[in-house]
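Letters A, B, ... are given to chains in the order of the sequence lines, protein chains preceding strands, and every chain is numbered from 1. We use all heavy atoms of the structure for the numbers below, so side chains are in, but hydrogens, waters and symmetry mates are not.
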Amino acid sequence: MTGTTRLEPEIALERLATFGVYQDPSAFAVDGVVPRVALAVSSPEAVAEVLAVCAAAELGVIPWGGGGQMGLGNVPERYDVALDLRGLSRIVQYEPADLTIAVQAGRTLADLEEALAANGQMLPIDAAEPERITVGGLVATGLGCPRRFGHGSLRDLIIGITVALPDGTLAKGGGIVVKNVSGYDMMRLHFGALGALGVIVQANFKVLPAPEAQRSVLLAFADAAAAAEAALTLRGSQLAPTALVVLAPPVVRQLDLGMTGWVLAARCEGPEAAVIRQADRLRESGGIAAREADVLDREQTIAFWRALQSLLDARPQRDRLRLRIGERPSRLSELAGHVVTELGSALAGLVLDYGSGLAYVTVSGTVDALRLAWDKLAEVGQHAVLLAAPAAVKVGTDVFGRHPDGIAVMRRLKETFDPDRVLNRGRFIAHL
Amino acid sequence: MDRAAIRERLVSIVGADGVLDRPDELLVYEYDASDEVFAGHHHPDFVVLPRTAEQVSAIVRLANEVGLPVIPRGAGTGLAGGALALRGGILVVLTRMNRILEVNERDGYAVVEPGVINLELSNALQPRGYFFAPDPASQRACTIGGNVGNNSGGPHCLKYGVTTNHILGLEVVLPDGERIWTGGPVPETPGVDLTGVLVGSEGTLGIVTKVMVRLTRLPEAVSVLLAAFPDIESASHGTSAIIAAGILPAALEMMDHLTIKAVEDAFHAGYPREAGAVLLVELDGLQEIVTENTTRVAEICRQHGAWEVRVARTKEERDLLWLGRKSAFGAMGRLASNYYLVDTTVPRTKLPATMRRVEELSREYKLSIANVFHAGDGNLHPLVLFDRQRPGEVERVLECTTEILRYCVDVGGTLSGEHGIGFEKRDYMTLVFTTEDLCAMAGLKKSFDPRELFNPEKVLPSGFRCAEVGLFRQQALAQRLGLEYV
Ligand SMILES: Cc1cc2nc3c(=O)[nH]c(=O)nc-3n(C[C@H](O)[C@H](O)[C@H](O)COP(=O)(O)OP(=O)(O)OC[C@H]3O[C@@H](n4cnc5c(N)ncnc54)[C@H](O)[C@@H]3O)c2cc1C
Ligand SMILES: Cc1cc2nc3c(=O)[nH]c(=O)nc-3n(C[C@H](O)[C@H](O)[C@H](O)COP(=O)(O)OP(=O)(O)OC[C@H]3O[C@@H](n4cnc5c(N)ncnc54)[C@H](O)[C@@H]3O)c2cc1C
């Protein structure tokens, strides 16, 4: 096709200087790659403008929320501009009686939670560092927490989206109503796409009433198999816990739970009376083979699940990698056995989410040891993804693991939405 | 390739009993459940009934070779003209692919073929203690593939979410004939969420040949109550108040006076005939929650003017209360020879004002409008009653429904909550979406179906063809930068 619109990179950078420019872009390094400039934008239109300029000059852009999850993704192929979105922090529309909220992408989770809590509402998300991470980052990375078992993940709650595209336009999908089949589901197109197809500037969610009461039941077992059996029993029961995880011994130690062995943790949420009885019944039906049991009250419950999430956090460290393996709940314990055997003393953490079928693995060691660990585990389970690792471990591999079917469609989506490969170049699956 | 040769190739793929092309055979496939008066009838060149995914793939490859459109179809109960062959072509009907292939309770999923009937799936799961949550009122007839195509809803979607929240993975045949699996039994499959994109795409991006559905545990306790209100407005306020109290019923449905009368005449569900509106509320979950919330909901309804609140004591009583709701569309035949079913969603808090507006329009256009809808979701279904024989009436119905839609969009609502855009509503899309929005959607379509052979003329308004997307992009960019577009 003819009609390409081109700008010299230096002229483009000059044009970009009209936006808020950070003195020191090194704070925005990704996998050790430092951008040429870091910009702060504060309106959706400005985001679109920056992208258009960058597209015309074929500059590489990485959208930046809180920077909490930059460990996820392949090593950037081209990174000229860091686009700090924290200036887009407005709540655009909030109707508590409708249980819906529209919020700009750069707003932090903590600020969003505060607005919701003031009306007795919530988004059922546990994330480490809520003061730091942003709504856009949450949507772009598309990760969920164990609480999705009871409430669904953010994917289930997103009802509208607005993105800025590299052609300089703003495009929305969905709306602010809970049922909507008007047009294609652009929300899910961008959910978990790591900002490779557009920069999210606004997301709309349905929110939930905050539960009146919360408790968590902790049950300690001598081995993984016994914990797994209890977890599967509870999973199939009508007791409806909202989260159900099994923690391996190293994690139990790190969280200082005062227990030993493999610990099953189940969360209960709802009206006071129901939560109390549910916790009792969970302990009874899950605890038959348990050696120890404990019930956490509301504050302890919130603190426990936050602390657990912090352990899973994705900031890369020099001597650590974290990966996630998807496997059916009924096979998680077998998988855990495999992981323990393969990694031996290099295994620094293992959390099994029985509510959804995900295993979070932390490995420690030298770069060589970490690479070896990834080689051993990249092919196991339904899928395996390297969530965070030193850049040296990532080079020469795809952190998203084996490619699922449909890669050809994903490529065409990238070509259609971002033909100049402006956004997160090389970082998404198949180095798109 | 001439017609006979194409027919022969189709027969070689699915067998002689799987290809229909005689005019009398095609007749039933010229319509779906959308109103023929508005959608018209459309003649496919061939109707093909495959039994396997391999056959579907071969059909699609053949269609590509000969340049014929492909239109997926389930039971044809869609209400937006989604399964119509607007440009002729091959209608691929999936009703022969109707097996439940696997039920895995431990991991919480089942794999079914697309032609499985919605209710049959839930019936099969029930003895095992599970169900498939999306339950469209057409569930006795519609297929899981159609549910996926339309991202269907139903009464229980208030608490449980719509179809997209219950689909874990799909096997699909893409417009080039390639067969792929998306998603799977565990979440967070790396890459673009193709499952999420395909659900609700109305058969325009691929043909679903297997569906991995999420199983939902049957709740420990269920309670159904019916509250009779003097009018729609008070019932709407009651609805908002229930939600605002932090109670999330499994279902919260409303019927207006006209509907109640029709239902009573036809089915004797025991609804209070004098009521201006009734709310049907189902609560489920742990026993304590259900007991407590039943009391609270009854109280809230009374506070908002309900003069009678009835709580079903047995399963039989529960079923009877539901009977009226489930047969409401069927009962409309008592009121008029034709009805036009509008599907739109407004923010819940806008319900009272919207209902007032609907009443106004009913008077203005001199058309009776019955209302039966998913109040908890703000998903309205005004049924505009008419008689197609009367001159000018069809035009009036169209004008009236356009006004309803326009109003709903103006108050922050949307064009369709569950029936889809299809052919019927595609030209309304510009009421909600800008050129930029629609170009992005066309870009999505183009990435799947660059030749635009899949279910053409649906969802996107005329003028948003894939071919134009690249051009638009370049122009937008040039304009944005103040550069010349060459
Ligand atoms: C194992 C694990 C489990 C987790 N569980 C949960 C959980 O259950 N629930 C939960 O909510 N969080 C969870 N998190 C954490 C959470 O996902 C991230 O911390 C958060 O999403 C990062 O937000 P951020 O604003 O810091 O994003 P950043 O680190 O700034 O960005 C993350 C990525 O998204 C892109 N991006 C950022 N903003 C945008 C945008 N507006 N548009 C397009 N692309 C953008 C960036 O380019 C980058 O590639 C989990 C993390 C891990 C590792
Ligand atoms: C009386 C009545 C009540 C209704 N109540 C509701 C309700 O409460 N909620 C609701 O949501 N809907 C309702 N509907 C609408 C309709 O029944 C649903 O949308 C249903 O899901 C359509 O299923 P179907 O098998 O009939 O699909 P069809 O009408 O055959 O097709 C619907 C769409 O899906 C596509 N499609 C079908 N099968 C496939 C496949 N295998 N792969 C890809 N695309 C496919 C078609 O191309 C078409 O665009 C109702 C309809 C009637 C007549």
Exercise for review: Report the option among B/Leu248, B/Ile180, B/Asp437, B/Asp343 that has the most heavy-atom pairs separated by less than 4.5 Å from atoms of chain A.
Suggested key: B/Asp437
Revision key, fill the gap. If you tally heavy-atom pairs under 4.5 Å between each of B/Pro347, B/Gly200, B/Gly246 and chain A, the highest tally belongs to B/Pro347
Exercise for review: Report the distance from atom CE of A/Met187 to atom CG of B/Asp193, rounding to the nearest 0.5 Å.
Suggested key: 11.0 Å
**Study point:** Contact origin within A/Thr162 toward chain B - heavy atom pairs under 4.5 Å
**Key:** neither
**Study point:** Stepwise side-chain contact (heavy atoms from CB on, under 4.5 Å) test for B/Val186 and A/His383
**Key:** CA-CA 9 Å; B/Val186 300; A/His383 47 72; 3.6 Å; yes
**Study point:** Max heavy-atom pair count under 4.5 Å with chain A, selected residue of B/Ile243, B/Leu205, B/Val197, B/Leu286
**Key:** B/Leu286
Exercise for review: Side-chain contact test, heavy atoms from C-beta onward, threshold under 4.5 Å: evaluate it for B/Leu481 versus A/Arg15 and give yes or no.
Suggested key: yes
Review point. Name the one of A/Leu165, A/Leu170, A/Thr169 that satisfies side chain to side chain contact (heavy atoms under 4.5 Å, CB included) with B/Glu436?
Key: A/Thr169
Check your understanding: So B/Thr434 and A/Lys172, side-chain contact (heavy atoms from CB on, under 4.5 Å) or not? Walk me through it.
Key -> CA-CA 8 Å; B/Thr434 63; A/Lys172 69 172 179 302; 4.2 Å; yes
Revision key, fill the gap. The interface call for B/Ser152 against chain A, heavy-atom contacts under 4.5 Å, is neither
Study note, to complete from the structure: Honestly, the part of B/Leu444 sitting under 4.5 Å from a heavy atom of chain A is both
**Study point:** Residue, of A/Gly401, A/Gly357, A/Ser356, that accumulates the most heavy atom pairs under 4.5 Å with chain B
**Key:** A/Ser356
**Study point:** Criterion side-chain contact (heavy atoms from CB on, under 4.5 Å) on B/Asn104 and A/Arg328, from CA distance to verdict
**Key:** CA-CA 10 Å; B/Asn104 182 333; A/Arg328 287 151 50 168; 3.2 Å; yes
Exercise for review: Go through the atoms of B/Leu460 and report whether side chain, backbone, both or neither lie under 4.5 Å from a heavy atom of chain A.
Suggested key: side chain
Practice item. Name the region of B/Leu438, side chain, backbone, both or neither, that has any atom closer than 4.5 Å to a heavy atom of chain A. Key: neither
Revision key, fill the gap. Under 4.5 Å to a heavy atom of chain A? For B/Tyr109 that would be side chain
Exercise for review: Give, as side chain, backbone, both or neither, the part of B/Glu105 having an atom under 4.5 angstrom from any heavy atom of chain A.
Suggested key: neither
Check your understanding: Of the non-hydrogen atoms in A/Pro329 and B/Arg106, which two are nearest, and what is the gap between them?
Key -> CB-O, 4.5 Å
Review point. Do you know which of A/Glu212, A/Gln93, A/Arg281 has the most heavy-atom pairs under 4.5 Å to chain B?
Key: A/Arg281
Practice item. Check each atom of B/Pro187 against the heavy atoms of chain A and say whether the ones under 4.5 Å are side chain, backbone, both or neither. Key: both
Study note, to complete from the structure: Residue from B/Ala244, B/Ala80, B/Cys157, B/Pro185 scoring the most non-hydrogen pairs under 4.5 Å with chain A is B/Pro185
**Study point:** Toward chain B, the part of A/Glu327 with a non-hydrogen atom under 4.5 Å
**Key:** backbone
Exercise for review: Give, for atom OG of B/Ser447 and atom CD of A/Glu415, the distance between the pair rounded to the nearest 0.5 Å.
Suggested key: 8.5 Å
Check your understanding: For the candidates A/Gly173, A/Gly183, A/Gly175, A/Gly120, which exhibits the highest count of non-hydrogen atom pairs separated by less than 4.5 Å from chain B?
Key -> A/Gly183
Review point. What part of B/Glu202 lies closer than 4.5 angstrom to a heavy atom of chain A: side chain, backbone, both or neither?
Key: side chain
Point to revise | Atom pair CZ/CG of B/Arg348 and A/Leu99 - distance to nearest 0.5 Å | key: 5.0 Å
Study note, to complete from the structure: Interatomic distance, CG@A/Asp420 vs CG@B/Leu477, rounded to 0.5 Å, equals 7.5 Å
Review point. Does any heavy atom of chain B fall under 4.5 Å from the side chain of A/Leu232, the backbone, both, or neither of them?
Key: side chain
Point to revise | Over 12 non-hydrogen atoms of neighbours within 6.0 angstrom of CD in B/Glu292 | key: yes
Review point. Hey, are the side chains of B/Leu194 and A/Met410 touching, using non-hydrogen atoms and a 4.5 Å cut-off?
Key: yes
Check your understanding: Contact part of B/Thr182 toward chain A, heavy-atom cut-off under 4.5 Å: side chain, backbone, both or neither?
Key -> neither
Review point. Looking at A/Arg277 and B/Glu220, does any basic side-chain N land under 4.0 Å from a carboxylate oxygen?
Key: yes
**Study point:** Which of B/Gly417, B/Gly196, B/Gly443 touches chain A most, by non-hydrogen pairs under 4.5 Å
**Key:** B/Gly417
Exercise for review: Let me know if B/Val346 has heavy atoms under 4.5 Å from chain A in its side chain, its backbone, both or neither.
Suggested key: backbone
Revision key, fill the gap. Interface check, chain B: of A/Ala193, A/Ala48, A/Pro271, most non-hydrogen pairs under 4.5 Å belong to A/Pro271
Check your understanding: Taking the side chain as C-beta and beyond, is there a heavy-atom pair between A/Leu143 and B/Glu188 under 4.5 Å?
Key -> yes
Review point. Tell me, side chain or backbone of B/Met441 under 4.5 Å from chain A's heavy atoms, or both, or neither?
Key: both
Check your understanding: Can you tell me how far CG of A/Asp405 sits from CG of B/Leu170, rounded to the nearest 0.5 angstrom?
Key -> 12.0 Å
Study note, to complete from the structure: From the list B/Glu178, B/Lys350, B/Glu288, B/Lys425, the residue making the most non-hydrogen contacts under 4.5 Å with chain A is B/Glu288
Practice item. Would you check, one step at a time, whether the test side-chain contact (heavy atoms from CB on, under 4.5 Å) holds for B/Tyr428 with A/Ser182? Key: CA-CA 10 Å; B/Tyr428 291 114; A/Ser182 310; over 6 Å; no
Check your understanding: In terms of heavy-atom proximity below 4.5 Å to chain A, should B/Val192 be classed as side chain, backbone, both, or neither?
Key -> both
Exercise for review: Examine whether an atom of B/Arg217 lies under 4.5 Å from a heavy atom of chain A, and if so say whether it belongs to the side chain, the backbone or both; otherwise answer neither.
Suggested key: side chain
Check your understanding: Between CD of A/Gln382 and OG1 of B/Thr189, what distance do you get to the nearest 0.5 Å?
Key -> 8.0 Å
Exercise for review: Among A/Glu95, A/Arg324, A/His403, A/Gln278, single out the residue with the greatest number of heavy-atom pairs under 4.5 Å to chain B.
Suggested key: A/Arg324
Exercise for review: Of all the heavy-atom pairs spanning A/Ala97 and B/Thr349, show the shortest one and how long it is.
Suggested key: CB-CG2, 3.4 Å
Check your understanding: Top residue by heavy-atom pair count (under 4.5 Å) with chain B, among A/Leu413, A/Leu194, A/Val178?
Key -> A/Leu413
**Study point:** No-hydrogen, no-angle side-chain donor-acceptor test under 3.5 Å, B/Thr204 and A/Tyr184
**Key:** yes
Point to revise | Interchain contact, B/His419 with chain A, by part (heavy-atom threshold 4.5 Å) | key: backbone
Exercise for review: Give the minimum heavy-atom separation between A/Val385 and B/Pro190, together with the two atoms involved.
Suggested key: CG2-CG, 3.6 Å
Exercise for review: Among B/Asn151, B/Thr414, B/Asp377, find the residue that satisfies the side chain to side chain donor-acceptor pair (under 3.5 Å) test when tested with A/Asn180.
Suggested key: B/Thr414
